Amino acid sequence: QVQLVESGGGLVQAGGSLRLSCASSGRTFNWNRMGWFRQALGKEREFVGVISRSGVAIYGADSVKGRFTISRDNAKNMAFLQMNSLKPEDTAIYYCAADARSLGTARYDYWGQGTQVTVSS
């Protein structure tokens with residue numbers, strides 16, 4: 001059984017940084033893509049970004065561009081989300097997702113349980 005586990009969330013002051021990690025366990029795959037999503041309380045889930053196995057990264061909302069960076073370690077089947085200059089509006093549960101589909105496919109096959117990120121003003 002495949003599991004994705006996020007870590008690295010927590011409470012940080014506005015302007016601070018956090019680095020989230022997504023680790024694969026169980027039956028592992030060479031994920032073609034590993035993506036990040038977030039969902040704030042009372043809002044719909046939002047696409048943050050995705051990275052291909054070759055390292056091509058695509059970011060979602062304009063609000064994260066230039067502040068968030070996605071990377072991955074293929075050997076360890078891990079993905080990372082470096083978040084800088086955090087703002088209170090970045091507060092959300094952050095989810096990792098992965099599968100073998102192409103970058104632009106809407107549906108993801110595997111999801112983590114999420115990690116809470118809270119940014120205080």
Side-chain angles (χ1 to χ4, degrees):
Q1 184 175 352
V2 175
Q3 283 189 317
L4 296 174
V5 179
E6 303 93 338
S7 61
L11 174 64
V12 64
Q13 288 188 334
S17 298
L18 282 174
R19 185 181 189 234
L20 305 184
S21 299
C22 173
S24 305
S25 65
R27 181 186 174 194
T28 58
F29 293 86
N30 293 323
W31 307 118
N32 182 54
R33 60 176 184 167
M34 299 186 79
W36 288 96
F37 293 78
R38 67 183 182 183
Q39 188 166 19
L41 190 63
K43 295 188 177 181
E44 294 186 354
R45 186 172 62 195
E46 177 183 36
F47 170 67
V48 174
V50 62
I51 186 166
S52 72
R53 184 166 180 78
S54 62
V56 174
I58 299 173
Y59 297 92
D62 288 340
S63 63
V64 307
K65 293 177 182 178
R67 298 189 299 122
F68 290 11
T69 302
I70 298 174
S71 60
R72 64 185 286 174
D73 183 332
N74 291 332
K76 297 181 179 179
N77 281 318
M78 292 186 70
F80 307 96
L81 179 64
Q82 178 67 43
M83 304 185 294
N84 299 327
S85 302
L86 283 162
K87 305 174 182 180
E89 50 264 43
D90 294 318
T91 295
I93 299 174
Y94 284 71
Y95 298 92
C96 172
D99 60 27
R101 300 176 186 271
S102 60
L103 281 184
T105 305
R107 172 190 166 186
Y108 279 76
D109 292 332
Y110 300 99
W111 290 84
Q113 293 300 308
T115 185
Q116 176 71 46
V117 171
T118 303
V119 184
S120 62
S121 57

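Computed from a predicted model, the values in this text were never measured in an experiment.
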Test ring-ring contact (aromatic ring centres under 6.0 Å, His included) applied to Phe37 and Trp111, Tyr95, Tyr94, the passing residue: Trp111
Report yes or no: do Val50 and Val56 belong to one cluster of Ile/Leu/Val/Met/Phe/Trp/Tyr joined by side chain heavy-atom distances under 4.5 Å? yes
To the nearest 0.5 Å, what is the distance between CG on Asp90 and OG1 on Thr118? 11.0 Å
Please check if Leu18 and Met34 belong to a single hydrophobic cluster, counting links between Ile, Leu, Val, Met, Phe, Trp and Tyr side chain heavy atoms closer than 4.5 Å. yes
Quick one: does Cys96's side chain get under 4.5 Å of Trp36's, heavy atoms only? yes
May I ask you to check whether over 12 heavy atoms, not counting those of Gln113, lie within 6.0 Å of atom CD? no
How many angstroms lie between OG in Ser121 and CD in Gln13, if you round to the nearest 0.5 Å? 9.5 Å
Linking I/L/V/M/F/W/Y whenever any side-chain heavy atoms sit under 4.5 Å apart, do Tyr110 and Phe47 land together? no
Rounding to 0.5 Å, atoms CG (Leu81) and SG (Cys22) come to a distance of 10.5 Å
Check: Arg19 side chain, Gln82 main-chain N or O, donor-acceptor pair, under 3.5 Å: no
Verify salt bridge (charged side-chain N to carboxylate O under 4.0 Å, His left out) between Arg107 and Asp99, making sure each step is shown before the conclusion. CA-CA 9 Å; Arg107 172 190 166 186; Asp99 60 27; over 6 Å; no
Residue pair Val117, Leu20: steps toward the side chain to side chain contact (heavy atoms under 4.5 Å, CB included) verdict: CA-CA 9 Å; Val117 171; Leu20 305 184; 4.1 Å; yes
Between Thr91 and Ala40, the two heavy atoms sitting closest are O-CB, 3.6 Å
Has the side chain of Arg72 got a donor or acceptor atom that lies under 3.5 Å from a matching backbone atom of Ser52? yes
Joint cluster assignment, Met78 & Tyr108, ILVMFWY side-chain distance < 4.5 Å: no
Give a yes or no answer on whether the side chain of Glu6 reaches the backbone of Gly114 with a donor-acceptor pair at less than 3.5 Å. yes
Arg45 side chain to Gln39 main-chain N or O, any donor-acceptor pair under 3.5 Å? no
Measure the spacing between CG of Leu103 and OG of Ser54 and express it to the nearest 0.5 Å. 7.5 Å
Any donor-acceptor pair under 3.5 Å from Asn84 side chain to Ser17 backbone: no
Working to the nearest 0.5 Å, report the span between CG of Asn74 and CG of Asn32. 10.0 Å
Would Arg67 and Tyr59 count as a cation-pi pair here, with the cationic atom under 6.0 angstrom from the ring centre and within 45° of the axis? no
When clusters are formed by joining ILVMFWY residues with side-chain heavy atoms under 4.5 Å apart, either directly or through shared neighbours, do Phe68 and Val12 land in the same one? yes
With a cut-off of 6.0 Å (strictly less than), are more than 12 heavy atoms of other residues, nucleotides or ligands near NZ of Lys65? yes
Between Thr105 and Ser102, which heavy-atom pair has the shortest distance, and what is it? OG1-OG, 3.0 Å
